Chemist: 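Sharing a structure with you now.
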There are 2 protein chains.
Amino acid sequence: MSNSTPATIEDVARIAEVSIATVSRAIHMPEKVANSTRLKVSQAIAMTGYTTNAMARSLRLGRSNMILVVAPDIGDPNFSNILVGLENEARAHGYGILIGHTQNDAQRGLEYLKFLNSNQAAGLILFTGILPFGHQTMTARLPPSVGVFEPVFNGGIPYVGVDDIEGARKAIDLLLAEGHRKIAFIGDSRTRLAYTRRRMGYEAGLDAAGVGADLRIVLEGDGTIESGRLAIEQLFMRDTLPTAFMCVNDQTAIGVMIGLGARGYDIPRDFSVTGFDDVPQAAFMSPALTTIRQPRTMIGKHAMALLLELLSDGQPAETEILLRPDLVVRNSVAAPSREWTKR
Amino acid sequence: MSNSTPATIEDVARIAEVSIATVSRAIHMPEKVANSTRLKVSQAIAMTGYTTNAMARSLRLGRSNMILVVAPDIGDPNFSNILVGLENEARAHGYGILIGHTQNDAQRGLEYLKFLNSNQAAGLILFTGILPFGHQTMTARLPPSVGVFEPVFNGGIPYVGVDDIEGARKAIDLLLAEGHRKIAFIGDSRTRLAYTRRRMGYEAGLDAAGVGADLRIVLEGDGTIESGRLAIEQLFMRDTLPTAFMCVNDQTAIGVMIGLGARGYDIPRDFSVTGFDDVPQAAFMSPALTTIRQPRTMIGKHAMALLLELLSDGQPAETEILLRPDLVVRNSVAAPSREWTKR
DNA sequence: ATGGTCTATGTAAAGGTTTACATAGCTTCT
DNA sequence: AGAAGCTATGTAAACCTTTACATAGACCAT
């Protein structure tokens with residue numbers, strides 16, 4: 001009973017007085033097995049405490065029940081909630097989650113490829129804007145994969161996330177409604193699709209409001225706190241300043257607020273700031289950040305569901321699932337107080 | 001070359017013109033194989049792009065190269081940094097990380113046990129103060145396990161974390177040095193060892209400073225934001241108030257600050273507050289929280305190293321590895337301004 | 001009664017690896 | 001020269017499943 005070695009299907013078969021094939025069938029295709037036999041088998045299973053050896057099963061089946069989740073940085077404040085969604089959905093379907101982080105190091109990425117090549121993972125969730133494996137040649141060898149949170153720039157991989165354009169539009173519309181006209185967009189990027197789309201929302205909103213190109217300011221950034229701070233430095237060397245900052249994500253917004261704070265400005269009195277993502281700390285900042293919420297758990301759930309579908313069907317399925325982003329109004333936006341011209 | 005089915009050891013053997021046994025040996029015990037043969041094999045491996053099928057290997061070896069990490073809540077702000085440490089160390093030794101979260105549901109915990117029983121995971125990292133599997137009967141069947149961040153209350157499992165007593169002592173000593181005498185401890189718990197120890201540090205510090213028991217206030221809590229807020233509610237029904245709050249962790253401190261803020265008090269002018277853990281948002285609160293830093297990545301690294309050692313040796317090894325906690329001084333502590341008596 | 005169909009079960013192969021045991025060729029010692 | 005000991009390699013079993021194929025019995029229709 002409490003043997004040292006775990007029970008095998010053979011032990012169960014012996015006790016139930018059937019063949020191992022019948023045991024396997026009783027477990028996986030119960031309708032193919034007589035009621036009486038099924039009962040004997042389940043009793044034997046209970047007696048032995050048998051659990052299927054996943055290794056043997058995966059070997060025989062040629063596929064594992066693990067999904068590899070690769071992120072550039074596990075510490076990303078968006079990561080954990082997405083993970084919750086992914087994990088719940090996976091577990092509900094008998095899959096487990098394997099995680100890895102590349103720290104933007106292609107070498108690292110390749111190491112994780114081994115999990116895939118060695119059949120340890122059946123599918124791949126990519127939490128990154130760019131395929132983390134050196135040469136794209138790999139793409140051909142990639143197992144069923146789904147991008148999550150950020151569209152995968154160079155992979156042609158189905159993707160589940162938020163409608164970035166719509167989200168950005170909500171942010172810019174709020175600022176416009178408050179009376180802002182000169183609004184800077186902080187964090188443009190040519191290689192990150194999500195950022196490009198957010199900028200598109202920004203432009204679309206200004207277009208719709210009839211705000212001319214001369215009032216638009218766009219600065220690049222990579223979405224880090226530091227990039228936000230840096231953007232402020234750059235901006236203050238200009239002739240004219242905006243009255244509001246629409247940031248490509250919350251991290252950037254934090255950097256912007258730090259930069260502004262360091263120069264003695266008050267938010268939202270002197271400048272308004274918006275973020276994107278609604279990371280956990282957004283609510284705790286002072287002022288609390290007005291931002292666009294990503295339904296992270298939902299994103300994870302949908303992404304995993306899509307991946308599992310891919311695994312069983314093999315069909316390419318839809319390319320993008322876009323969830324609705326919500327505006328979260330807190331305290332970092334107010335009406336513009338004065339015009340900032342030459343200082 | 002770019003075959004659809006991945007290359008097996010047999011393919012390699014055929015090309016290298018040796019037996020599969022030799023290939024296996026060339027990979028895993030290179031010194032047992034002649035130089036010339038080894039070369040032929042490695043060339044064949046390069047040609048075929050062969051990678052060992054981990055399933056077959058684990059099946060044969062009777063153990064996997066996966067470590068299961070179980071936490072009650074993946075979203076815990078302490079989790080991700082620990083995970084980074086765990087993952088780095090694991091990967092460096094050829095292990096992968098499987099994650100699960102129980103949400104304090106024993107049923108869930110049991111589901112994860114299956115990963116262990118089915119040989120899918122060789123070891124277990126527990127990020128929880130209490131064994132997440134229903135009956136402790138399981139303990140006997142548990143694989144090599146290591147508790148991390150918080151000592152495991154009921155498991156008798158080796159543990160890697162921070163010296164809670166020393167950390168708490170640093171916090172209480174700071175408050176005492178600022179002139180506080182009446183200091184409340186928020187978040188005591190009989191079932192969470194870490195919390196008990198932090199309270200011990202609190203008591204020891206007051207003892208050493210000669211502060212009598214009549215000036216001590218201890219309130220229970222479970223380490224959530226809500227529990228901190230609730231403690232404030234309770235406390236304000238008392239005759240006398242403390243001048244400082246030493247909180248069992250940062251979440252509790254956040255709750256305390258919210259509660260105090262809601263009543264119109266200013267921190268640190270009216271009350272001082274300390275936390276424990278130094279979660280990422282601690283620095284972004286206003287005022288920024290003075291707290292005790294956990295070297296999270298290091299904790300993760302050491303825990304995984306210990307587990308891997310256990311896996312190879314099978315020795316019980318040392319029971320606890322305690323890292324040094326650091327005091328992080330920010331803006332939530334100041335000298336007491338006045339005595340709070342009857343209100 | 002014969003043949004056919006269907007259902008429940010058993011037999012055995014296959015999946016890719018590691019490794020105990022066997023073997024064969026050398027080297028070394030007496 | 002023969003025995004003994006090494007070294008490098010090969011053969012084949014074992015790890016635990018799943019499932020194609022085979023079989024046997026029951027039922028039904030003719």
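Values below: all heavy atoms of this structure, side chains included; hydrogens, waters and symmetry mates excluded. Since the structure is predicted, the reported quantities are computational estimates derived from the model, not experimental observations. Naming convention: chains lettered A, B, ... in sequence-line order (proteins, then strands); numbering from 1 in each chain.
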Chemist: So if I define the base as every atom that isn't primed, P, OP1 or OP2, how would nucleotides 8-17 of chain D read as a B/S/- string at a heavy-atom cutoff under 4.0 Å?
Modeler: SBBB-BBBBB
Chemist: Could you give the CD1-to-C1' distance, from A:Ile27 to D:dT19, as a whole number of Å?
Modeler: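 Roughly 14 Å, once rounded to whole Å.
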Chemist: Should we say atom CD of A:Glu320 is surrounded by more than 12 heavy atoms from elsewhere, each under 6.0 Å from it?
Modeler: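 Enclosed.
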Chemist: Between B:Arg192 and B:Glu150, is the closest basic N to carboxylate O distance under 4.0 Å?
Modeler: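 Salt bridge between B:Glu150 and B:Arg192, a charged N being under 4.0 Å from a carboxylate O: yes.
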Chemist: Hey, could you give me the CG/OH distance between A:Leu68 and A:Tyr112, rounded to the nearest 0.5 Å?
Modeler: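 Rounded to the nearest 0.5 Å, the CG-OH separation comes to 8.0 Å.
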Chemist: Do B:Val69 and B:Phe79 come close enough that some side-chain heavy atom pair is under 4.5 Å?
Modeler: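 Counting from C-beta outward, B:Val69 and B:Phe79 do come under 4.5 Å.
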Chemist: Please test B:Asn65 against A:Gln120 for side chain to side chain donor-acceptor pair (under 3.5 Å), starting from the C-alpha separation and ending with a verdict.
Modeler: CA-CA 10 Å; B:Asn65 60 145; A:Gln120 277 191 97; 2.9 Å; yes
